[in-house]
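Scroll down for the structure; my scribbles are underneath it.
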Amino acid sequence: YEPVKDRTKLERVLYNNLEDYNLSNPTQMKLVFFMDAIKHICRCCRMLRQPRGNAMLVGVGGSGKQSVTRMACHMSETTFYQIEMIRGYNHLSFLENLKEIMLVAGVEGKPIAFCLVDTQIVDESFLEDVNNVLNTGEIPSLFENDEVNKIVEELRPIVSKMGIPGTRDNIWQTFVSRVRDNLHIILCMSPVGDALRIRCRNFPSLINCCTIDW
């Protein structure tokens, strides 16, 4: 870490990164980096830098949780992923999206941030799956047998390079630990009403496995 002695230098770094983001993304962000925003972005960047770093950003709707996440992901060279809420989006669609990002994190070994906003949680079972991923790095019986075989074959050379015996169990455990290290879950929650309190009580990993930034 570098202690920040000069705020203007830090602002310059952030504005340069914002300019870079706007040049490389079709959706433009127009942000003003006041002190609180800078602190939130720095916290989010630190969290993305840690293996198994997950975050829960708590703030009322429109306070900039997603913008902070996009900015931090761009600065950390982490893929930003968000589900698209279309008509008929259900638990099965959510599981398909989770499979997709787990393959990026576990097989390709690339850092990816999954940003889930409380307004996208149309079914509480979404949080049960997120709770499992935060806690153990996997969701029971998410992958079919043929998909597991494919993952095992793709990871076999990587596991042998690591000097680990190439048994099916060892390869699967390697996949799970790579998912946990590379997949960063960022939950954007609003403290308004009872929903957050009830969800945290029902799914303890939302508290235990996340860095909370209020």
message: Grouping I, L, V, M, F, W and Y whenever their side-chain heavy atoms are under 4.5 Å apart, do Leu57 and Ile207 come out in a common cluster?
response: no
Any side-chain heavy-atom pair of Pro191 and Trp214 under 4.5 Å: yes
Spatial distance of atom CG (Leu127) from atom CD1 (Ile198) [nearest 0.5 Å]: 12.0 Å
field: Closest heavy-atom pair and its distance - Asn170, Pro165
entry: ND2-O, 2.9 Å
Hydrophobic cluster membership, Met47 vs Val133, 4.5 Å side-chain cutoff: no
task: For Gln120, enumerate each residue passing the side chain to side chain contact (heavy atoms under 4.5 Å, CB included) test, keeping only those at least two apart in sequence or located in another chain.
output: Gln82, Ile83, Met85, Leu116, Val117
task: Could you please spell out the steps behind the side chain to side chain contact (heavy atoms under 4.5 Å, CB included) verdict for Ile185 and Val130?
output: CA-CA 8 Å; Ile185 292 175; Val130 167; 4.1 Å; yes
- request: May I have the step-by-step check of side chain to side chain contact (heavy atoms under 4.5 Å, CB included) for Arg168 and Val148, ending in yes or no?
  value: CA-CA 9 Å; Arg168 188 184 163 95; Val148 173; 3.2 Å; yes
task: Any pair with a residue in residues 132-143 that passes salt bridge (charged side-chain N to carboxylate O under 4.0 Å, His left out), sequence neighbours left out, goes on the list, sorted by first then second residue, please.
output: none
message: With salt bridge (charged side-chain N to carboxylate O under 4.0 Å, His left out) as the rule and sequence neighbours excluded, what pairs involving residues 204-214 come up?
response: Arg43-Asp213
message: On a heavy-atom basis, which atom in Gln66 and which in Cys188 lie closest, and how many Å separate them?
response: CG-SG, 4.3 Å
statement: Residue set satisfying side chain to side chain donor-acceptor pair (under 3.5 Å) with Thr8, at least two apart, ordered chain then number -> Asp6
query: Looking only at heavy atoms, what is the nearest atom pair of Thr78 and Ala113, with distance?
result: CG2-N, 3.6 Å
task: Flag the pair Leu10 / Ile38 as yes when at least one side-chain heavy-atom distance between them is below 4.5 Å, and no otherwise.
output: yes
message: Please find the pair of heavy atoms, one from Val179 and one from Gly106, that lie closest to each other, and give the distance.
response: CG2-CA, 3.7 Å
Closest approach of Leu18 to Met71 (non-hydrogen atoms, all atoms of both residues): N-CE, 3.4 Å
message: Any non-hydrogen side-chain atom of Val159 less than 4.5 Å from a side-chain atom of Phe175?
response: no
field: Val122-Leu187 co-clustered via ILVMFWY side chain contacts under 4.5 Å
entry: yes
- line: Hits for side chain to side chain contact (heavy atoms under 4.5 Å, CB included) against Ile158, two or more places apart or cross-chain, chain-then-number order -> Leu155, Met162, Arg178
field: His184 side chain to Gly53 backbone, donor-acceptor under 3.5 Å
entry: yes
- line: Output for pair (Arg12 CZ, Arg7 CZ), nearest 0.5 Å, gives 13.0 Å
query: Is any side-chain heavy atom of Ile101 closer than 4.5 Å to a side-chain heavy atom of Leu183?
result: yes
message: For Ser205, give me all partners under side chain to side chain donor-acceptor pair (under 3.5 Å), at least two apart in sequence or on another chain.
response: Asn131
message: I want to check something: taking the side chain as every heavy atom from C-beta on, are Leu134 and Cys210 in contact at a cut-off of under 4.5 Å?
response: yes
message: Determine whether a donor-acceptor pair (N or O, by modelled atom type, separation under 3.5 Å) exists between the side chain of Asn182 and the backbone of Ala105.
response: yes
message: Suppose the criterion is salt bridge (charged side-chain N to carboxylate O under 4.0 Å, His left out): which pairs have a residue in residues 101-123, not counting sequence neighbours?
response: Glu108-Lys110
Pairs where residues 191-202 contributes a residue and the test salt bridge (charged side-chain N to carboxylate O under 4.0 Å, His left out) is met, not counting sequence neighbours: Glu124-Arg199, Asp194-Arg197
query: Would you call Ser67 and Leu31 a side-chain contact if the rule is heavy atoms closer than 4.5 Å?
result: yes
query: Does the Arg49 side chain pair with the main chain of Cys44, one donor and one acceptor, at a distance under 3.5 Å?
result: no
- request: Apply the test side chain to side chain contact (heavy atoms under 4.5 Å, CB included) to residues Tyr81 and Val104: give CA-CA distance (whole Å), side-chain angles for both, the deciding distance (0.1 Å), then the verdict.
  value: CA-CA 11 Å; Tyr81 186 96; Val104 172; over 6 Å; no
query: By side chain to side chain contact (heavy atoms under 4.5 Å, CB included), which residues pair with Ser93, not counting sequence neighbours?
result: Tyr89, Asn90
query: Under a 4.5 Å side-chain heavy-atom rule over Ile, Leu, Val, Met, Phe, Trp and Tyr, are Met75 and Val32 clustered together?
result: yes
message: Please report the interatomic distance CG(Asp129) to CG(Leu142), rounded to the nearest 0.5 Å.
response: 8.0 Å
- prompt: Could you state the interatomic distance from CE (Met35) to CD (Glu11), rounded to the nearest 0.5 Å?
  reply: 8.0 Å
task: Evaluate the criterion side chain to side chain contact (heavy atoms under 4.5 Å, CB included) for residue pair Leu98 and Phe126; output intermediate values, then yes/no.
output: CA-CA 10 Å; Leu98 279 178; Phe126 288 14; over 6 Å; no
message: To the nearest 0.5 Å, what is the distance between NZ on Lys9 and CG on Leu14?
response: 12.5 Å
- request: Output all residues satisfying side chain to side chain contact (heavy atoms under 4.5 Å, CB included) with Ser63, sequence neighbours left out; order by chain, then residue number.
  value: Val60, Lys65
task: Could you pull out the closest heavy-atom pair between Leu48 and Ser76, with the gap in Å?
output: CD1-OG, 3.7 Å
field: Student check: side-chain heavy atoms of Asn54 and Ile186 closer than 4.5 Å
entry: no
- prompt: Going hydrophobic residue to hydrophobic residue with side-chain gaps under 4.5 angstrom, can you get from Met56 over to Val192?
  reply: no
Distance, nearest 0.5 Å, that separates CZ of Arg70 from CD1 of Ile41: 13.5 Å
- prompt: Lys99: what forms a salt bridge (Lys or Arg N to Asp or Glu O under 4.0 Å) with it, not counting sequence neighbours?
  reply: Glu96, Glu147
Contact list for residues 14-32, test side chain to side chain donor-acceptor pair (under 3.5 Å), sequence neighbours left out: Asp20-His74
task: Just do the salt bridge (Lys or Arg N to Asp or Glu O under 4.0 Å) check on Glu153 and Arg156 with the steps written out, would you?
output: CA-CA 5 Å; Glu153 286 314 309; Arg156 199 177 289 283; 3.1 Å; yes
